[in-house]
Structures are given as structure tokens and as C-alpha cells.
Amino acid sequence: MRVKITDFGGVNLKKSENISPVTQARRAFNFSSHSGALTAGIGIKDIADNLFNSPEKNTKLKSELGAHKNIKRTYFAKKYNLDLGAREDKLMFVDAQGRLHYFPLSSAQFDETAKNIKTVGNLKFSVPPQAINYRLNSTDVTIFTNAVDPMIVFGATQGVYKVIDAPHITSMALHYERLFATVDGEKSAVWFSDDLDPTNWSVSLTEAGFIQMLDERGALLKVLAFGDYVYVFRDFGISRITAYADQQSFSVGHLFVSSGRIYPNTVMACGDVVIFLASDGLYRFDGINCTKILTGLDKGFLGLDNTSACVGFFENKFYLACKFRFDEMDEIPLENNAVIEVDINSFSADILFGVCVFDINTVLSEEFSGVCVCVKLNDNQTKIGVFDHSGAVFGEATKKEWTSPLTDLGYPAKRKMIRRVCVTTLTPCEVVLTNEDGYEKRLKFKGSTRPQELVTRLFGARFSFKFLTSSARPEIVSPHVVISLDGR
């Protein structure tokens with residue numbers, strides 16, 4: 001009797017293995033299963049692989065970046081030169097010593113005969129800052145802030161300068177030409193700058209000011225400009241600020257109380273929704289209502305501290321780099337060990353597992369658009385990469401796994417014997433059959449465009465099926481088994 005095993009689906013850790021549908025995996029990583037087949041999952045390529053159309057320029061950039069082995073965070077600095085009528089965008093990064101560096105994202109500005117990575121002199125950050133782009137006095141600038149150092153303005157006509165009287169900002173958002181911010185040491189107030197001037201923080205009824213919020217939702221962690229409002233994400237809830245030009249008309253409303261602690265670094269506007277991670281799982285917020293999504297992943301976050309998680313958004317995909325565990329087989333991670341890619345249209349997810357991504361930065365430039373990431377390598381050095389779907393990380397194919405829950409193959413009251421396994425796989429793969437008692441059979445398939453069938457002999461009432469490959473670009477479809485009932 002021939003029985004189809006599964007159309008491959010995503011991970012579901014929510015249900016008991018005894019009642020989970022066989023289409024949902026107990027463990028699945030480094031594959032993509034959106035099509036119902038197992039194909040290449042999320043990968044990471046070197047940013048210098050094809051940043052420019054010129055191979056010579058890419059090689060030069062790769063060589064220069066090779067001298068920077070401890071990068072902590074990257075930033076996209078937008079710049080339009082009015083005099084030249086051209087974009088002068090830059091990718092900036094800060095290293096472990098707190099120094100700020102940058103290189104051009106325009107091929108025309110990249111010089112094959114000179115050094116292209118420049119260092120901002122007389123500037124050193126105590127901790128990696130955050131950044132926001134702003135048009136100040138008709139000039140595109142990038143503003144850097146953190147909880148320790150003075151605000152830094154980069155790109156102004158007078159060069160790099162400090163704003164000494166600005167508060168130590170921990171998160172910021174631009175809304176109606178004011179900068180709204182949470183501030184270090186002030187957990188119950190949102191500060192805002194003067195209208196049209198994010199460098200003016202003089203508190204008055206006509207310039208800058210602050211809004212206090214004292215209620216059970218906890219500390220103010222993150223501000224986000226979304227729609228026509230400023231939203232404040234707090235320990236256990238979300239508040240909304242209505243803020244137009246006149247600060248005397250500002251008002252506050254409270255929208256949501258969470259049972260789990262919200263991780264502020266994971267709050268991301270994704271088109272017409274906001275997605276964020278809390279200690280009890282992922283949430284979708286539309287400006288009014290907040291609902292849980294991908295609840296099948298909830299157990300993977302429980303008991304883990306994801307304060308170091310980070311996020312990005314690009315082409316309808318939400319990216320979350322975080323700590324994650326499928327089950328007790330996985331050690332408790334000490335650092336980010338997974339990237340979860342969420343399609344915001346279908347709210348399905350693929351997982352890149354076993355890679356430490358600790359910074360995500362979406363770049364939307366004239367010649368290059370993509371999601372830049374900082375990756376910690378096995379030798380503790382770091383490297384700038386870009387998400388792709390190559391099934392490889394910096395050229396090395398990832399190890400891929402998809403494991404089903406135990407299934408009775410549609411015959412719950414019958415003891416069965418699996419006699420043969422049939423799979424179509426374009427690259428070599430291994431299929432591991434395991435019965436309810438833990439006995440297993442391992443079958444190795446070669447790559448072929450035609451279906452392959454291997455003989456085996458495994459008795460049991462329920463079975464799980466594990467698919468393994470180390471190929472970068474696999475395609476595994478239509479797995480079937482031939483069984484006999486009652487062991488015959």
C-alpha cells in the first residue's frame with residue numbers, strides 16, 4: 001500500500017506531537033517550505049560580492065572590509081547632493097573601539113585606486129549608537145544617539161558636531177518634523193524636540209518638552225512613528241501619542257496590555273502593520289488591535305532572554321534575529337542563534353538556524369537595496385553580509401533539517417511495516433525513519449530529476465520522518481512510503 005507522507009509545511013511546536021498534523025514540522029531549519037517542497041532557505045552573502053556592477057570594485061571593497069574584523073553595527077546614511085544633483089548614500093559602521101567608518105554605496109564615488117573606507121576623526125562612541133536620517137537646514141544629515149554619549153550630527157555643512165544639551169536618547173522616531181524619544185534614566189516620560197529642529201531640546205511651551213505616563217504598563221522602552229501617531233512600546237503595553245504642530249494639543253491614549261514583556265529592539269513597522277516579539281511570542285499590531293501570530297513558534301522563545309534580538313523589514317518580509325530553541329535537544333543559546341523570516345502576507349515563516357546575526361539594517365539606496373546584517377563567525381570575528389535565499393552562509397552550504405511529528409499514516413489502530421521509501425530529490429539527501437520506540441532506519445538518496453525508491457524494513461504503529469541535506473540548493477518533493485498493515 002502506497003501512502004503519501006506529507007506536503008512540507010512550517011514549524012509547529014504548539015500542539016502535542018501525538019496530534020500534530022504531519023505537514024507541520026517539529027524541527028525545520030535552513031529549508032524553505034512555502035511551496036510545499038523543501039528548497040533553499042535563508043542564506044547570507046558577503047556584501048562585497050555584488051554591491052557594484054564592477055568585479056574590480058567589489059574585490060577592492062572586500063579587501064578593505066577584511067581589515068575590519070570587529071564590526072558592531074551598521075547604518076544607512078542617506079544623502080542627496082543638491083549641487084551635483086546626485087545621491088551620495090553611504091553605509092556606515094561602528095567597530096568595537098567605538099570608531100565610526102563609512103564607504104560609498106554609489107559606484108561612481110568608489111575609487112579603485114584609493115582607500116574608500118573612511119574613518120570619522122575625533123569621534124569615539126562608548127556604546128554602539130542608533131541613527132536616524134533627517135533633512136536639517138536643507139541638508140541631509142544622520143543623527144547618532146545612545147544612552148551615554150552626546151548626540152552626534154553627521155553630514156552637516158559644518159562637519160560632524162555634538163549637541164551637548166540633548167538628552168541621552170535610547171530610542172527615537174521622527175514625526176511631523178519633531179524627534180520623539182525615550183531617554184536614559186527617565187522610564188516614565190517621552191521627550192520631544194523643537195518643531196523643525198531635532199537638535200533643540202530647550203524645554204518650553206514653544207520649543208521642546210516631555211510627556212509623562214504613570215500607569216501599570218511599565219517603563220517606556222521604544223517610540224515608533226506609525227500612521228498618524230507616535231506609539232510608545234512599554235514593558236507590558238502600548239500607548240499612543242496624538243501629536244501635531246502645537247505641543248499644547250498633544251494627547252495620550254492607552255491601547256494594549258501584554259502578558260509578556262515586550263522586547264523594544266524587535267518593534268518594526270512592516271507596511272500597514274507593526275510586528276514585535278514579546279517573551280511569550282510574536283505579535284501583530286495594526287495601530288488599534290494587537291493579536292498573536294505564528295503561535296506554533298511560541299515554545300521556542302519561552303525561557304530565553306531576547307533583549308539582544310534585532311529586526312529588519314524588506315520586500316514584505318520581517319526578519320527577526322533572536323535566541324530560539326526547538327526542544328530540549330538544543331542547548332540554551334548564549335547569543336542569537338536563529339533568524340526567523342516572516343512573510344507578512346501569509347504569516348508563514350522560514351528559519352535560519354545556527355548562525356549568530358546580531359545587527360540588522362535595511363538599506364534602500366539607488367544602486368543597492370537589501371538587508372545588511374552583522375554576523376559573528378566561529379573565530380569570534382564579525383562580517384557584514386546581506387540576506388539572500390541561497391541556502392548558504394558566506395559561500396558555505398547550511399545543514400538543513402525537516403522532521404515531522406509521529407504519524408500513524410492514516411491507520412491509527414494498525415501496526416505497520418514500512419517496506420520502501422520514494423522521494424524525488426534534485427540533490428543528495430538522507431531520510432531517517434523513526435518509530436514510536438526510537439528505532440530508526442537511515443536511507444541515503446542521490447540527486448536526480450526522477451523519483452527514487454529505496455527498500456527498508458521498519459515496524460511500528462507511528463513513525464516520524466526526518467529529511468537531511470547539506471546541499472545549498474535542494475529540492476525535495478512528493479515523499480511516499482510503501483507499507484504493509486499488521487506487519488505483513
Side-chain angles (χ1 to χ4, degrees), residues 73 125-132 143-152 163-176 178-194 198-205 207-226 229-243 247-248 250-269 274-283 285 287 290 301 304-311 322-323 359:
R73 190 171 295 176
F125 291 104
S126 302
V127 294
Q130 60 184 316
I132 194 168
I143 298 172
F144 293 91
T145 66
N146 63 28
V148 181
D149 303 306
M151 175 186 285
I152 298 294
V163 182
I164 301 299
D165 62 347
H168 291 151
I169 292 172
T170 56
S171 80
M172 54 185 170
L174 184 63
H175 177 72
Y176 282 95
R178 287 186 193 266
L179 204 59
F180 286 76
T182 54
V183 175
D184 181 59
E186 179 57 81
K187 300 298 185 182
S188 61
V190 171
W191 286 64
F192 54 87
S193 71
D194 188 13
T199 65
N200 181 0
W201 295 87
S202 299
V203 176
S204 75
L205 291 177
E207 296 176 283
F210 58 89
I211 303 167
Q212 283 199 312
M213 301 181 195
L214 301 170
D215 57 72
E216 75 282 358
R217 290 166 180 81
L220 282 58
L221 305 175
K222 170 88 172 183
V223 287
L224 177 73
F226 178 67
Y229 304 94
V230 175
Y231 292 90
V232 185
F233 289 79
R234 308 169 66 176
D235 275 332
F236 298 101
I238 304 173
S239 300
R240 183 178 71 190
I241 300 174
T242 303
Q247 63 169 280
Q248 296 184 62
F250 289 3
S251 63
V252 177
H254 303 296
L255 302 175
F256 171 69
V257 176
S258 170
S259 57
R261 183 179 295 274
I262 295 172
Y263 295 111
N265 291 338
T266 69
V267 177
M268 174 60 62
V274 175
I275 299 178
F276 63 89
L277 176 67
S279 57
D280 59 343
L282 283 161
Y283 284 81
F285 176 63
C290 203
F301 303 115
L304 302 180
D305 179 5
N306 264 306
T307 53
S308 63
C310 53
V311 293
C322 63
K323 298 175 185 176
D359 177 65

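All of these numbers come straight from a predicted model, not from anything done at the bench.
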With side-chain contact (heavy atoms from CB on, under 4.5 Å) as the test, would you mind laying out the steps for Lys187 and Asp235 before giving the verdict?
CA-CA 10 Å; Lys187 300 298 185 182; Asp235 275 332; over 6 Å; no
If you look at every heavy atom in Val203 and Gly209, which pair is closest and at what distance?
CG1-CA, 4.2 Å
For Ser239 versus Arg217, what's the shortest heavy-atom pair and its separation?
OG-CD, 4.0 Å
Locate the shortest heavy-atom distance separating Leu255 from Arg240; write the atom from each residue and the value.
CD1-CB, 3.9 Å
Close side-chain approach of Leu174 to Ile132, heavy-atom, < 4.5 Å:
yes
Just by modelled atom types, is the Asp194 backbone N or O under 3.5 Å from a matching donor or acceptor in the Asn200 side chain?
no
If we check ring pair (Phe, Tyr, Trp, His ring centres under 6.0 Å) with Phe276, which of these qualifies: Phe233, Tyr263, Tyr231?
Phe233
For Arg261, is there any backbone N or O sitting under 3.5 Å from a side-chain donor or acceptor partner on Ser279?
yes
Could you check whether the rings of Phe192 and Phe180 sit parallel, tilted or perpendicular, using 30° and 60° as the cut-offs?
tilted
Mind listing the closest non-hydrogen atom pair of Tyr176 and Ala243 along with its distance?
CD1-O, 3.8 Å
Distance check, rounded to the nearest 0.5 Å: Asn146 atom CG versus Arg73 atom CZ?
9.0 Å
Report the relative orientation of the aromatic rings in Phe285 and Phe226; use parallel for angles under 30°, tilted for 30 to 60°, perpendicular for over 60°.
tilted
So CG of Leu214 and OG of Ser188: to nearest 0.5 Å the spacing works out to 5.0 Å
Just do the side-chain contact (heavy atoms from CB on, under 4.5 Å) check on Ile241 and Ile211 with the steps written out, would you?
CA-CA 9 Å; Ile241 300 174; Ile211 303 167; 3.9 Å; yes
Between Asp149 (side chain) and Ser126 (backbone), is there a donor-acceptor pair under 3.5 Å?
yes
Distance, nearest 0.5 Å, that separates NE2 of His168 from OG1 of Thr145
10.0 Å
Treating Arg234 as the side-chain partner and Gly218 as the backbone partner, does any N or O pair qualify as donor plus acceptor under 3.5 Å?
yes
Does a side-chain heavy-atom distance below 4.5 Å link Ile275 with Met268?
no
Using distance alone, with no hydrogens and no angle criterion, decide if Thr170 and Asp184 have a side-chain donor and acceptor under 3.5 Å apart.
no
Neighbour count above 12 (heavy atom, 6.0 Å) for Phe236 CZ
yes
List the residues meeting ring pair (Phe, Tyr, Trp, His ring centres under 6.0 Å) with Phe301, not counting sequence neighbours, and say none if there are none.
Phe324
Value rounded to 0.5 Å, distance of CG in Leu277 from OG1 in Thr307
11.0 Å
If only atom types and distance count, is the side chain of Thr182 paired as donor or acceptor with the main-chain N or O of Ser171 below 3.5 Å?
yes
No-hydrogen, no-angle side-chain donor-acceptor test under 3.5 Å, Asp280 and Ser259
yes
Please report the closest heavy-atom contact between Met172 and Gln130, naming both atoms and the distance.
N-OE1, 3.7 Å
Minimum heavy-atom separation for Ser308 and Lys323, please, with both atom names.
OG-CE, 4.0 Å
Hey, what do you get for SG (Cys290) to CD1 (Ile262), rounding to the nearest 0.5 Å?
7.0 Å
Let me see the working for Trp201 and Ile169 under side-chain contact (heavy atoms from CB on, under 4.5 Å), right down to the final yes or no.
CA-CA 12 Å; Trp201 295 87; Ile169 292 172; 3.7 Å; yes
